[in-house]
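Below is one structure, written out as structure tokens, with a few remarks after it.
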Amino acid sequence: DAKTTQPPSMDCAEGRAANLPCNHSTISGNEYVYWYRQIHSQGPQYIIHGLKNNETNEMASLIITEDRKSSTLILPHATLRDTAVYYCIVSAGREYGNKLVFGAGTILRVKS
Amino acid sequence: DAGVTQSPTHLIKTRGQQVTLRCSPKSGHDTVSWYQQALGQGPQFIFQYYEEEERQRGNFPDRFSGHQFPNYSSELNVNALLLGDSALYLCASSLGGQTMFFGQGTRLTVV
């Protein structure tokens with residue numbers, strides 16, 4: 001079973017920031033928080049990941065609470081092309097690879 | 001630099017037949033994982049290959065098998081196809097325990 005809880009859907013106005021929450025209250029000390037998105041039956045696209053500190057890249061920012069029990073993915077200026085299913089996943093890196101356990105994700109609809 | 005590539009993109013098979021799906025990992029990656037995604041659901045982990053061995057396996061029957069070659073590419077084989085095997089099959093690659101990147105998938109339809 002997935003170790004994360006996400007709202008089933010969210011709406012966001014184009015050009016505004018999209019803030020996608022994720023609860024992971026049972027996260028272990030060695031587990032990372034990963035975010036992927038999937039646009040209409042394409043393969044999941046990696047967005048960002050973090051362990052303890054907040055992270056930012058060209059796509060998004062990841063804010064992780066101090067107790068690491070929840071996090072928020074921020075798309076700073078959402079566009080229509082950001083409409084997708086967003087998956088929050090916790091996983092520990094291992095010598096021979098992660099095993100990602102996907103939940104149902106959040107359907108983000110960006111509207112003009 | 002090509003990312004993860006999968007072939008074929010679409011496939012139609014008849015119940016009872018066997019199918020082989022192929023995956024080439026991202027350059028520099030040594031670990032390949034396979035996922036099955038039924039319509040409207042999140043991807044489900046099938047198994048993972050590293051150093052040409054199956055290292056982890058999800059809750060899938062033995063009809064699902066795989067192989068990893070010395071060049072790190074991989075195949076997924078499914079025997080005795082059932083209608084319920086119709087799904088998007090995703091391949092993902094990584095360098096050890098680092099970030100996993102997915103291909104665009106193979107859409108398998110069993111009729």
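Residue numbers begin at 1 in each chain, while the letters A, B, ... track the order of the sequences.
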Side chain / backbone / both / neither for Gln37(B) at chain A, heavy atoms under 4.5 Å: side chain
message: Evaluate Leu88(B) against Gln38(A) for side chain to side chain contact (heavy atoms under 4.5 Å, CB included), listing each step before the verdict.
response: CA-CA 12 Å; Leu88(B) 180 68; Gln38(A) 190 170 26; 4.2 Å; yes
message: Taking side chain as everything from C-beta outward and backbone as N, CA, C, O, which of these in Gln104(B) sits under 4.5 Å from a heavy atom of chain A? Side chain, backbone, both or neither.
response: both
message: Heavy atom to heavy atom, less than 4.5 Å: which residues from residues 9-28 of chain A reach chain B?
response: none
- prompt: Is there a path from Tyr35(B) to Tyr86(A) through hydrophobic residues (I, L, V, M, F, W, Y) whose side chains come within less than 4.5 Å of each other?
  reply: no
- request: For Arg15(B), look at atom CZ and say whether over 12 heavy atoms of other residues, nucleotides or ligands are found less than 6.0 Å away.
  value: no
field: Proximity of Phe102(B) and Tyr36(A) rings by center, below 6.0 Å
entry: yes
query: Would the number of heavy atoms belonging to other residues, nucleotides or ligands and lying under 6.0 Å from CZ of Phe101(B) be above 12?
result: yes
message: Do Phe45(B) and Met100(B) sit in one hydrophobic cluster, given that two such residues count as connected whenever their side-chain heavy atoms are within less than 4.5 Å of each other, even indirectly?
response: yes
- prompt: Would you say Leu39(B) and Ile39(A) are hydrophobically clustered, going by side-chain heavy atoms of ILVMFWY under 4.5 Å?
  reply: no
message: Only heavy atoms, only distances under 4.5 angstrom. Which residues in residues 44-70 of chain A are near chain B?
response: Pro44(A), Tyr46(A), His49(A)
query: When you look at CD1 of Ile12(B), are more than 12 heavy atoms from neighbouring residues, nucleotides or ligands closer to it than 6.0 Å?
result: no
- request: Measure across Pro43(B) and Tyr87(A) and return the closest heavy-atom pair with its distance rounded to 0.1 Å.
  value: CD-OH, 4.0 Å
field: Cluster link Val90(A) to Tyr32(A), ILVMFWY, side chain under 4.5 Å
entry: no
message: Could you see if Val111(B) belongs to whatever hydrophobic cluster contains Leu81(B)? Use Ile, Leu, Val, Met, Phe, Trp, Tyr and a side-chain cutoff under 4.5 Å.
response: no
query: To the nearest 0.5 Å, how far apart are CG in Leu100(A) and CD in Gln44(B)?
result: 12.0 Å
message: Quick check: closest heavy atoms across Tyr34(A) and Thr99(B), and the distance to 0.1 Å?
response: CE2-OG1, 4.0 Å
task: Supply the atom-to-atom distance Lys99(A) NZ to Phe47(B) CZ, rounded to the nearest 0.5 angstrom.
output: 13.5 Å
